[in-house]
Amino acid sequence: MPLSWNEIKQRAIVFSKDWESETSEKSESQSFWNEFFNVFGISRRRVASFELPIKKANNKQGFIDLLWKGTILVEHKSRGKDLDKATQQAKDYFPNLKEHELPKYILVSDFQKFRLYDLDTDTTTEFELKDFVSQVHLFGFIAGYEKRVYKDEDPVNIAAAELMGKLHDRLKEIGYTGHDLEVYLVRLLFCLFADDTGIFNKGIFWEYIDRHTKEDGSDLAMHIASIFHVLNTPPERRLKNLDENLVQFPYVNGKLFEEPVQPAAFDSKMREMLLEACGFDWGKISPAIFGSMFQAVMNQTQRRNLGAHYTSEKNIQKLIKPLFLDDLYTEFEKVKGNRNRLNELHQKIANLYFLDPACGCGNFLIITYRELRDLEILILLELNKSGQLVTDVNSIIQVDVDQFAGIEYDEFAVRVAEVAMWLIDHQMNVKVSNEFGQYFVRLPLKKAAKIVHGNSLWIDWESVVAKEKLNFILGNPPFVGKHLQNAEQKADMERIFAGVKGAGVLDYVTPWYIKAAQLVQDTNIRIAFVSTSSISQGEQVGILWQELYNRYKVKIHFAHRTFSWSNEAKANAAVHCVIIGFGLQDVDNKRIFDYADIKGEPTEQKVKNINPYLVGGNDLVILKKTKPVNNIPEMIYGSKPTDDGNLLMTDSEKNEYIRQEPYGEKFVKPFISADEFLNNKKRWCFWLKDIQPNEFKTLPLLMKKIEAVRKFRLASTKSSTVQWAQFPTLFTEIRQPNNDYIILPLHSSENRKYIPIGLFDKNNIVANSCSCVPNANLYIFGIITSEMHMTWVKYVCGRLESRFRYSNTIVYNNYPFPETANDKQKQKVETAAQTVLDTRAKYPDSSLADLYDPLTMPPDLVKAHQALDKAVDLCYRPQPFVSELNRIEYLFSLYEALSAPLLKVEKKKRTKKSES
């Protein structure tokens with residue numbers, strides 16, 4: 001067990017005095033370094049070798065004065081000799097050291113001067129022997145102490161996970177698979193971590209593997225099994241004649257090494273892999289990050305993009321700070337200086353209980369636990385400001401891992417989460433040791449986080465943690481869109497949303513909201529989930545939040561509006577997310593975090609209320625409507641061919657067809673899909689709605705195409721498509737307007753300030769990738785082309801990834817057109833709308849995608865739109881709108897006035913006794 005810092009400093013004083021008066025020469029080096037290591041409670045003979053023969057960089061024979069493999073290389077000279085020369089000599093040994101033997105530190109000395117190189121941080125510290133006591137903290141790594149700031153994507157985390165992945169693959173190749181393999185790897189992970197962080201005496205696992213197993217690996221599994229057995233055996237139950245190299249391993253308990261597993265088998269290459277893994281500084285591994293990476297190595301596909309498979313700490317902080325951490329720190333600042341209140345706060349945090357019902361490898365639980373322990377340390381430091389020596393650190397630490405619980409579907413992730421919680425606990429214990437100068441370790445393990453393996457949507461969450469104890473539910477449940485859900489997930493959805501109309505469109509994340517809302521009834525439990533942004537957009541809002549509002553009476557407490565949930569890993573596809581914090585209480589401090597740049601930092605806004613569109617305003621939901629709320633023309637979808645391309649033609653195909661069958665030209669019409677409309681392309685279709693039967697006889701090429709359509713539809717798995725094989729000359733869905741119409745693409749880039757919208761005549765066939773408004777006029781065109789309408793789109797419409805997914809039933813039919821606009825105001829809108837069209841016409845060779853790209857939009861088109869925006873704004877009110885938020889709040893208030901109340905609490909039907 002490592003010495004306390006107080007003991008180390010006392011020993012350092014004695015060491016300095018003993019050697020300061022000596023005129024030491026190199027011949028006395030062994031005694032010097034033996035005593036140097038003894039300062040830190042480490043036997044030099046056990047960890048480091050003297051005069052190790054090795055070839056130098058120039059291939060000449062050399063001898064390393066002292067090497068602790070993977071930790072420190074020492075080169076010493078007689079007093080007064082050149083330390084620069086000693087440094088270069090030390091570095092010359094590096095090329096012929098194995099990867100896992102390379103040290104993290106170089107120390108050169110002439111017995112009076114010391115120069116320490118930290119190769120990880122590229123820093124150098126030089127001091128004299130008389131100052132050793134003041135610099136002794138630099139050598140904390142020898143005793144097992146080490147401070148570390150974690151980075152989300154530290155190469156150490158990735159390299160270590162990749163190496164474990166290779167070992168996993170090799171074990172799998174030899175037939176060591178399934179549950180035993182998962183348990184075995186998690187145990188090895190614990191030993192590697194324990195070896196570097198003071199759970200074990202530093203380096204004993206590595207030393208044992210290196211020195212006591214054969215190079216061919218044939219006996220390695222046997223020795224590892226012995227270590228695992230010893231770790232699970234209390235000292236009083238161990239054999240009296242147990243090998244002293246095994247005796248030094250502590251009793252761990254915690255059931256980590258309890259379950260019997262089949263022994264593995266190793267070869268020389270696998271042994272080398274394990275030694276290389278031992279060579280990593282596992283004290284630098286973040287349990288929160290490594291856990292997810294470790295899980296990812298089990299999957300060859302995920303491993304290619306290993307950095308993508310963790311939730312970055314920065315994103316976890318976005319959830320836990322507004323959920324509880326900000327409030328705790330605010331309270332801490334208030335009670336500083338008041339001993340009684342500090343003790344009360346300490347008791348409070350020691351009795352907070354957390355549940356992550358989709359915990360994965362435990363990232364949220366790990367970071368939450370670490371933050372709670374950090375706050376506990378601050379409280380204890382404040383309570384011990386007088387500098388009074390704490391005699392027993394164990395008696396003052398109250399926050400423990402058993403305050404945390406999780407549920408996870410993947411068994412391997414469960415095992416990793418359990419161990420990761422112990423690992424972060426130990427890291428925090430090391431931090432306590434550093435702060436209070438007294439070594440603190442929780443061995444044997446007596447408490448554990450409760451991580452339950454199973455389907456969270458079928459498990460009773462109260463069986464995991466009683467709701468009377470529970471304070472917070474948090475996490476990042478899985479996002480799976482309706483089209484990607486498998487049969488089991490669909491069954492989960494049907495079970496949770498039984499009787500909820502339209503629930504089939506909901507994302508798989510939504511049942512966690514319902515389960516949480518059910519659990520927290522009649523409690524003060526607060527909840528926060530990371531979710532796909534789709535649950536605050538489009539038709540999902542009305543279905544999910546009407547249920548949460550009406551049945552469970554929830555209130556939103558804080559929200560992060562759409563942002564990019566990602567890290568900097570190569571090829572990492574960012575997911576667009578929101579974070580929603582909610583509960584039953586109506587809190588005062590409601591906060592919205594908004595992102596001008598979804599990859600940037602948010603701005604915070606305090607509001608009176610947050611609605612499910614994550615906007616300040618009254619609680620409301622917008623449901624599908626089949627007709628517009630205003631008296632305006634209806635919007636419909638375009639026509640769908642379902643033809644396998646046989647009724648469609650490119651420009652060149654159309655010209656070739658007309659060359660061969662000129663009579664058929666009158667049946668060829670321009671075909672306008674979103675791609676053609678936005679990108680200035682041309683495509684054509686056969687529009688045969690009014691063709692006479694006898695006309696087919698003169699069009700054999702067309703007849704071939706029609707026959708191909710018939711065969712394609714007959715081969716379909718959809719019965720409705722098969723039925724349409726009877727009508728191969730027609731589109732399967734025909735909605736072509738009989739007059740001029742407005743066209744609008746269903747999907748459009750979120751980067752455009754305006755969705756490009758156009759006007760066409762009836763001879764242009766609009767495809768089903770667009771919507772259209774028949775009986776169009778410039779006033780309607782002007783309104784839906786404006787910034788006012790675009791604001792509504794941004795908040796209300798659904799998204800495909802981050803792109804707008806425009807819906808007539810949700811967006812257009814619910815949009816509150818100005819009801820009080822007079823003829824003069826409408827005329828100004830029409831004039832401004834025509835100017836937009838005229839300005840576009842100046843650029844015949846540029847597509848709408850070019851014209852509406854924010855970087856290439858022509859200045860005169862920008863000005864034309866600004867004039868249109870102003871004209872539309874004045875149709876709503878004379879006062880200007882100062883912000884987008886100002887606009888949407890105004891539009892929501894208009895919508896409320898136009899619509900019947902949508903949030904009525906449904907009265908439960910009385911049931912007959914026999915039915916109940």
Side-chain angles (χ1 to χ4, degrees), residues 318-328 330 352-355 357 461 467-468 470-475 477 496-497 500 506-507 509-537 540-562 577-594 602 604-623 795-796 885 888-889 892-893 895-896 899 901-906 908:
K318 288 177 181 177
L319 183 148
I320 65 175
K321 288 181 78 174
L323 178 63
F324 70 92
L325 201 57
D326 288 344
D327 290 343
L328 290 178
T330 300
L352 293 177
Y353 285 82
F354 299 82
L355 171 66
W461 294 2
K467 74 181 195 178
E468 289 76 22
L470 186 60
N471 300 95
F472 300 101
I473 300 171
L474 74 171
I496 301 297
F497 286 100
V500 177
L506 294 175
D507 190 276
V509 75
T510 55
W512 273 264
Y513 279 76
I514 299 298
K515 287 271 288 184
Q518 289 170 346
L519 179 69
V520 304
Q521 295 301 300
D522 303 316
T523 74
N524 292 321
I525 298 168
R526 296 191 183 184
I527 309 141
F529 289 138
V530 181
S531 307
T532 170
S533 57
S534 65
I535 71 161
S536 63
Q537 301 161 348
Q540 291 198 48
V541 179
I543 298 162
L544 172 64
W545 288 95
Q546 186 165 241
E547 185 75 1
L548 288 170
Y549 281 148
N550 281 347
R551 183 166 296 186
Y552 301 109
K553 313 299 184 212
V554 306
K555 295 294 291 183
I556 297 176
H557 298 158
F558 71 88
H560 280 263
R561 302 199 72 248
T562 300
C577 294
V578 294
I579 298 172
I580 303 176
F582 63 102
L584 301 186
Q585 315 80 25
D586 192 4
V587 300
D588 293 328
N589 185 28
K590 295 190 178 81
R591 296 186 281 172
I592 294 174
F593 300 87
D594 195 23
E604 181 182 337
Q605 178 197 9
K606 288 183 169 56
V607 293
K608 291 181 180 178
N609 195 64
I610 303 172
N611 70 28
Y613 298 92
L614 310 187
V615 173
N618 294 336
D619 292 335
L620 58 82
V621 292
I622 294 171
L623 303 173
Y795 284 82
V796 173
L885 194 61
I888 193 63
E889 287 173 351
F892 276 142
S893 67
Y895 173 79
E896 282 187 276
S899 305
L902 295 174
L903 297 179
K904 292 177 181 174
V905 179
E906 296 174 3
K908 294 183 180 179

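The chain is numbered in sequence order, starting from 1.
Without hydrogens or angle criteria, Arg526 side chain to Leu323 main chain gives no donor-acceptor distance under 3.5 Å. In this structure, the side chain of Gln521 engages the main chain of Ala517 through a donor-acceptor pair within 3.5 Å. The closest donor-acceptor contact from the side chain of Glu604 to the backbone of Arg591 lies at 3.5 Å or more, if one exists at all.
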>> Could you go through Leu519 and Ile527, starting from their C-alpha distance and side-chain angles, then the distance that decides it, and tell me whether this counts as side chain to side chain contact (heavy atoms under 4.5 Å, CB included)?
In response: CA-CA 11 Å; Leu519 179 69; Ile527 309 141; over 6 Å; no
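Here the closest heavy-atom approach between residue Lys553 and residue Leu584 is recorded as O-CD2, 3.9 Å. Taking every heavy atom of both residues into account, Pro602 and His560 meet most closely at CG-CE1, 4.4 Å. Of all non-hydrogen atoms in Phe582 and Ile556, the two that sit nearest each other are CB-CA, 4.0 Å. A pairwise comparison of heavy atoms in Ile610 and Ala559 identifies CD1-N, 4.3 Å as the closest pair. Nearest heavy-atom pair across Ile592 and Leu614 is CD1-O, 3.8 Å. Taking every heavy atom of both residues into account, Leu623 and Gly542 meet most closely at CD2-CA, 3.4 Å.
The CD atom of Gln585 sits 4.5 Å away from the CG atom of Asn524 when rounded to the nearest 0.5 Å. Between the CH2 atom in Trp461 and the CG atom in Leu470 there is a gap of 10.0 Å [rounded to 0.5 Å]. Note that OH of Tyr613 is 6.5 Å distant from CG of Leu620, once rounded to the nearest 0.5 Å. Annotation: the span from Leu355 atom CG to Lys467 atom NZ amounts to 13.0 Å, rounded to 0.5 Å. Here the straight-line distance linking atom CG of Asn611 with atom CD1 of Ile888 works out to 8.5 Å at 0.5 Å rounding. Between the CD1 atom in Ile320 and the CZ atom in Phe472 there is a gap of 11.0 Å [rounded to 0.5 Å].
When side chains are defined from C-beta on, Gln540 counts as touching Asp507, because their heavy atoms get closer than 4.5 Å. Side-chain contact between Phe529 and Thr510: absent, with no pair of heavy atoms (C-beta onward) separated by less than 4.5 Å. With a 4.5 Å cut-off on side-chain heavy atoms, Val796 and Phe892 count as touching. Contact annotation: the side chain of Ile535 approaches that of Tyr513 to within less than 4.5 Å [non-hydrogen atoms, C-beta and beyond]. At least one side-chain heavy atom of Leu544 sits under 4.5 Å from a side-chain heavy atom of Ile514.
Shown are Lys555, Lys608, Lys590; of these, the salt bridge (charged side-chain N to carboxylate O under 4.0 Å, His left out) with Asp619 is made only by Lys555.
Relative orientation of the Trp545 and Tyr549 rings is tilted, given thresholds of 30° and 60° on the angle between their planes.
If you check the side chains of Asn609 and Asn618, you find no donor sitting under 3.5 Å from an acceptor. Side chains of Tyr552 and Glu547: no donor on one and acceptor on the other come within 3.5 Å.
Taking the six-membered ring for Trp, Phe354 and Phe324 have ring centres closer than 6.0 Å.
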